[in-house]
Amino acid sequence: MSAATGTRAASADPLVLGVLVSGSGTNLQAIIDEIEAGRLNARIAVVISDRGQAYGLERAKRHGIDAVFIDPERFSGSGAQGFNKAVLGELASRKVELVVLAGYMRLLGASVLDRFPDRVVNLHPALLPSFAGAHGIKDAFEYGVKVTGVTVHFANEVFDEGPIIAQEPVRITEGDTVESLEAKIHEVEHRLYPRVIKQIAEGKVSVCEGRVRISE
């Protein structure tokens, strides 16, 4: 990454990723698949989880990627600050360039965000700023909106805030259920997230005065 936030200098070298997960890691798998297919010039240096049973760790191991469980209970004295410093240590030791939150349910603190300014990306299953929070799909469905979608954005110290990089709408039809809507959302996520990471790897994404610019 160059000094300009959110911008990567043109390079033939793979973009070094650190992926944080809390659950099954389906978006992690989508990124792995794009890398292995040669469509994404990136390398996942480490997958980190705050949950020891997260299946995302198993996905990483199956593809020869370092998988690290950091137990939050180890940091009862220092709390979130100590935990985030441990996360930062794992990322920094592997020279990670872009931090990818893929279903990661814990707020990153200043220690990580300051080290990676506009280099932490997050995925949210709604069109932010609408339906922020942990239940974006269910909340949109129950509200009765006709269009929801997926947002990829740079993360900050507030859940589901930060400069928006990309959004894609998903229409809710009369026959949809929460489960069918979830499937449609995930289909978009698995396509959109690797595409945004590819744009970052190619040096096309930058942030200026809080707004994201994407060059052709």
Side-chain angles (χ1 to χ4, degrees), residues 17-37 39-40 42 44 47-60 62-63 98-108 120-201 204-205 210-212 214:
L17 309 179
V19 183
L20 276 58
V21 301
S22 293
S24 64
T26 60
N27 280 294
L28 165 65
Q29 188 65 57
I31 295 166
I32 290 173
D33 291 346
E34 289 298 293
I35 292 172
E36 293 186 347
R39 293 187 289 264
L40 173 56
I44 301 175
V47 173
I48 300 171
S49 182
D50 59 337
R51 298 178 181 175
Q53 300 304 313
Y55 190 66
L57 294 174
E58 181 62 29
R59 292 182 191 272
R62 290 184 177 186
H63 292 270
L98 183 73
V99 181
V100 178
L101 308 182
Y104 183 67
M105 305 306 291
R106 189 175 294 270
L107 190 65
L108 283 181
V120 179
V121 290
N122 184 47
L123 183 72
H124 184 71
L127 295 177
L128 293 175
S130 298
F131 307 110
H135 307 289
I137 298 174
K138 182 173 180 286
D139 291 345
F141 182 84
E142 291 183 348
Y143 194 89
V145 297
K146 301 305 180 184
V147 178
T148 184
V150 176
T151 301
V152 181
H153 66 100
F154 286 115
N156 60 23
E157 289 187 78
V158 180
F159 272 122
D160 301 326
E161 286 192 10
I164 291 173
I165 307 169
Q167 291 183 308
E168 186 169 324
V170 173
R171 188 166 297 278
I172 301 175
T173 63
E174 292 299 323
D176 269 325
T177 62
V178 172
E179 291 73 22
S180 66
L181 177 59
E182 184 175 5
K184 291 197 289 188
I185 290 284
H186 289 333
E187 181 181 354
V188 173
E189 288 178 343
H190 297 163
R191 173 168 37 82
L192 184 62
Y193 215 10
R195 189 178 79 195
V196 168
I197 296 169
K198 183 174 187 288
Q199 290 173 322
I200 295 173
K204 296 180 177 180
V205 179
R211 297 179 67 89
V212 172
I214 301 177

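Quick note: residue numbers are just sequence positions, from 1. Everything numeric in this text was worked out from a predicted model, so none of it was measured.
Between the CD atom of Q167 and the NE2 atom of H124 there is a distance of 10.0 Å, given to the nearest 0.5 Å. Here OG of S24 is found 11.5 Å from CG of L57. Values are rounded to the nearest 0.5 Å.
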For this session: For V145 and L127, run side chain to side chain contact (heavy atoms under 4.5 Å, CB included): C-alpha distance rounded to whole Å, both residues' side-chain angles, the deciding distance at 0.1 Å, then the answer.
Result: CA-CA 11 Å; V145 297; L127 295 177; over 6 Å; no
Exercise. Is there a side chain to side chain contact (heavy atoms under 4.5 Å, CB included) between V212 and I164 once you walk through the steps?
Worked result: CA-CA 6 Å; V212 172; I164 291 173; 5.9 Å; no
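The salt bridge (charged side-chain N to carboxylate O under 4.0 Å, His left out) analysis of residues 24-37, with sequence neighbours excluded, yields the pairs E34-R39. Residue pairs meeting the salt bridge (charged side-chain N to carboxylate O under 4.0 Å, His left out) criterion with at least one member in residues 121-138, sequence neighbours excluded: K138-E142. The ring-ring contact (aromatic ring centres under 6.0 Å, His included) pairs that include a residue from residues 129-152 are F131-Y143, where partners are two or more places apart or lie in different chains.
Residues forming a side chain to side chain donor-acceptor pair (under 3.5 Å) with E174 (at least two apart in sequence, or on another chain): none. For R51, the salt bridge (Lys or Arg N to Asp or Glu O under 4.0 Å) criterion is met by no residue, not counting sequence neighbours.
T26 and H186 form no side-chain donor-acceptor contact under 3.5 Å, judged by distance and modelled atom types alone.
E58 CD: more than 12 foreign heavy atoms inside a 6.0 Å radius.
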Determine all donor-acceptor pairs shorter than 3.5 Å in which one atom belongs to a side chain in residues 191-201; sequence neighbours excluded.
unit_1, atom_1, unit_2, atom_2, d
R191, NH1, E168, OE1, 3.0
R191, NH1, E168, OE2, 3.0
R191, NH2, E168, OE2, 3.0
Y193, OH, L101, O, 2.8
Y193, OH, V121, O, 3.0
K198, NZ, E202, OE2, 2.6

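Of the possible polar contacts, none joining the T148 side chain to the A126 backbone as a donor-acceptor pair under 3.5 Å is found.
Within the 4.5 Å cutoff, no side-chain heavy atoms of V158 are placed close to those of D160. At least one side-chain heavy atom of D50 sits less than 4.5 Å from a side-chain heavy atom of Y104. Using a 4.5 Å heavy-atom threshold, the side chains of V21 and Y55 count as separate.
In terms of heavy-atom proximity, I44 sits nearest to I35 at CG1-CD1, 3.8 Å.
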